[in-house]
Amino acid sequence: MQPRCAVNVCHVLMLVLCLSAGEDFDWTKSNHGSFYYGTFPTGFSWGAGGSAYQTEGAWDKDGKGLSIWDVFSHKKGKIQLNDTGDSSCEGYYKIKDDISLMKELRLNHYRFSISWPRIIPTGVKSDHVNEKGIQYYDELIDHLLENNITPIVTLYHWDLPQILQEKYGGWQNISMVNHFNEFANLCFEKFGDRVKHWITFNNPWSVAVEGYETGEHAPGLKLRGTGAYRAAHHIIKSHAKVWHTYDTQWRVKQKGLVGISLSGDWGEPVDISNQKDIEAAERYVQFYLGWFATPIFHGDYPQVMKDFVGRKSVQQGIGTSRLPAFSPQEKSYIKGTCDFLGIGHFTTRYITHRNDQSGRGSNSYFTDRDLAELVDPRWPDPGSEWLYSVPWGFRRLLNFVKTQYGNPMIYVTENGVSEKMMCTELCDEWRIQYYKDYINEMLKAIRDGVNVKGYTAWSLLDKFEWDEGYSERFGLYYVDFRNKNKPRYPKASVQFYKRIISSNGFPNQREVENWRRKSVEMCSSSNQLLAADPLTSHMEMVTEIVVPTVCTLSILISAVFLMFLLRRRN
Ligand code: NOJ
């Protein structure tokens with residue numbers, strides 16, 4: 001075994017050489033196995049995240065308006081077990097508690113979103129601005145800053161004001177561009193003195209595809225073959241407008257950055273010697289991440305999307321492509337509207353070419369791509385059925401971003417893994433493994449020359465997981481949703497992530513192995529606390545329901561008895 005310090009010096013040197021050389025990543029090599037011990041660049045920002053509808057609760061408190069998720073989740077049969085985000089983690093009431101969890105982790109940043117209907121209840125700024133909503137975010141931002149935690153703020157994490165959906169059809173309608181811009185402008189005005197990292201949209205792919213094509217997400221529309229493309233078109237225009245608003249009205253004064261957070265699975269060709277598979281895998285990524293990133297960095301949709309959707313539309317007898325087109329003015333307005341790119345990444349697929357039937361009526365975003373997705377049955381999948389742990393795909397995706405979009409500044413805005421609801425196991429060794437391997441692949445990507453400035457573990461807390469309700473837990477902290485107070489308990493991964501943060505990486509094998517051992521040892525005491533929790537909930541039930549009921553009954557019985565005595569005396 002080599003002496004410890006020799007290993008470190010060697011690795012630091014390698015890191016420096018690789019960073020300065022910035023060599024292109026070799027796509028053909030698939031030596032996925034080896035773990036790289038080393039540290040991240042100085043100043044690398046470590047964080048965790050959540051979003052308004054997933055964590056805040058207080059869905060109808062203090063003047064908040066309805067969002068499409070409030071309405072969607074209240075419809076029977078849309079969400080697992082008909083769960084809603086009505087109270088969720090009660091984050092609205094727990095600013096200080098949650099910031100102390102962030103302090104425990106020694107986070108550099110916290111990513112959260114602003115609920116549009118909480119601060120503009122109807123979605124239209126000229127109607128009414130809700131001061132209590134503004135106060136809540138003011139307080140959150142101030143407390144974060146007092147604790148040296150940088151806020152990274154998302155403006156749209158899927159909770160469109162319901163009225164905008166009802167009146168205009170939501171993202172199907174071009175009028176959203178102005179309404180969203182007014183909302184964003186209000187946020188810059190109210191919070192921009194303190195917030196320097198803005199994300200316009202979180203994962204617009206989901207908004208478009210799951211909201212307007214498959215209908216699994218709010219608003220639940222199934223406008224197959226057109227709905228997703230139209231929603232995406234308006235989202236991209238809205239993003240660009242907000243970036244320009246910041247650029248022209250606020251940048252000089254506030255000196256912040258405006259980006260967008262895109263999600264993308266990596267697509268690996270099933271057969272790397274088959275040209276059709278290679279092209280299909282490229283198409284998969286272009287239809288996912290490229291759909292949004294290419295207009296924002298290069299001014300127009302990926303050529304392959306224009307070709308495929310255009311050709312299929314013609315075959316289907318539709319006069320123009322189902323993929324809308326940008327005018328020349330729009331292209332130059334949209335191009336370059338990104339100060340940093342947020343990347344949300346969780347998993348990978350193997351991709352093979354497949355001709356999809358594209359007759360009339362069968363058109364959809366999915367069939368437009370002419371491909372099939374496969375998974376390796378050996379890939380671990382502890383929680384969400386779509387989420388297989390494939391760490392090497394992360395490095396590949398990050399390198400793809402570097403080469404395709406001119407090596408932009410990247411913040412990883414989401415990465416993490418879930419477990420099933422019934423799993424009350426705080427010793428989450430599988431999550432430790434996931435974080436360890438994915439963060440390591442990100443470190444390798446930085447060595448490849450990818451410009452990653454920060455990483456956001458997803459998520460700080462267990463929370464409302466959209467159509468899956470509370471059945472999937474992504475948190476570093478376990479939330480006991482059965483208990484009205486929604487207590488939080490650290491999982492073992494808290495200890496592990498905390499050590500990565502304080503070492504700014506992975507110092508050496510012995511230490512990293514020790515972290516894992518210690519983290520798992522420590523979690524058994526939290527497990528005991530959680531195991532005792534049904535008792536706590538029971539005690540609360542006793543004080544909040546049983547005691548008042550017994551008291552009321554006793555008073556009633558005494559009154560009846562007294563009346564009886566009085567009657568007898570008369
Ligand atoms: C992406 C979404 O942005 C986030 O809200 C969600 O929790 C994760 N995917 C996991 O499903």
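Just follow the structure's listing: the first ligand is 1, and inside any ligand the first atom is 1.
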Item to complete: Tell me, please: is Lys463 in heavy-atom contact with ligand 1, that is, under 4.0 Å?
Response: yes
Discussion item. I need the atoms of ligand 1 closer than 4.0 Å to a non-hydrogen atom of Trp158, numbered in the order shown.
Written reply: 2 (C), 3 (O)
Worksheet entry | Heavy-atom nearest option to atom 3 (O) of ligand 1, drawn from Asn202, Asp467, Thr154, Asn415 | Asn202
Discussion item. Checking a contact table here: which protein heavy atom is nearest atom 9 (N) of ligand 1, and how many Å away?
Written reply: Glu414 OE1, 3.5 Å
Discussion item. side-chain hydrogen bond (donor to acceptor under 3.5 Å, both in side chains) for Trp158 and Asn203? Distances and angles first, verdict last.
Written reply: CA-CA 9 Å; Trp158 306 359; Asn203 189 353; 5.7 Å; no
Worksheet item: Asp462 side chain to Gly475 main-chain N or O, any donor-acceptor pair under 3.5 Å?
Response: yes
Worksheet entry | Residue pair Leu66 / Pro117: nearest heavy atoms and the distance that separates them | O-CB, 3.8 Å
Worksheet entry | N/O donor-acceptor pair under 3.5 Å between Thr154 side chain and Tyr156 backbone | no
Worksheet item: Does Trp466, backbone or side chain, put an N or O under 3.5 Å from an N or O of ligand 1?
Response: yes
Worksheet entry | For Gln54, the ligand 1 atoms whose distance to one of its heavy atoms is below 4.0 Å | 4 (C), 5 (O), 6 (C), 7 (O)
Worksheet entry | Polar contact flag for Trp458 and ligand 1 (N/O pairs, less than 3.5 Å) | yes
Discussion item. Taking the ring centre of each residue, are Tyr229 and Trp291 less than 6.0 Å apart?
Written reply: yes
Worksheet item: In terms of side-chain heavy atoms, does Asp98 have a donor or acceptor partner in Tyr477 at a distance below 3.5 Å?
Response: no
Discussion item. Applying a heavy-atom cut-off of 4.0 Å, say which part of Trp386 lies close to ligand 1: side chain, backbone, both or neither.
Written reply: side chain
Practice prompt. Give the residue and atom name of whichever protein heavy atom lies nearest to atom 11 (O) of ligand 1, and the separation in Å to one decimal.
Written response: Glu465 OE2, 2.5 Å
Fill in: Pair Glu282-Gln286, side-chain donor/acceptor within less than 3.5 Å
yes
Practice prompt. Answer yes or no for Glu472: is there a heavy-atom contact with ligand 1 below 4.0 Å?
Written response: no
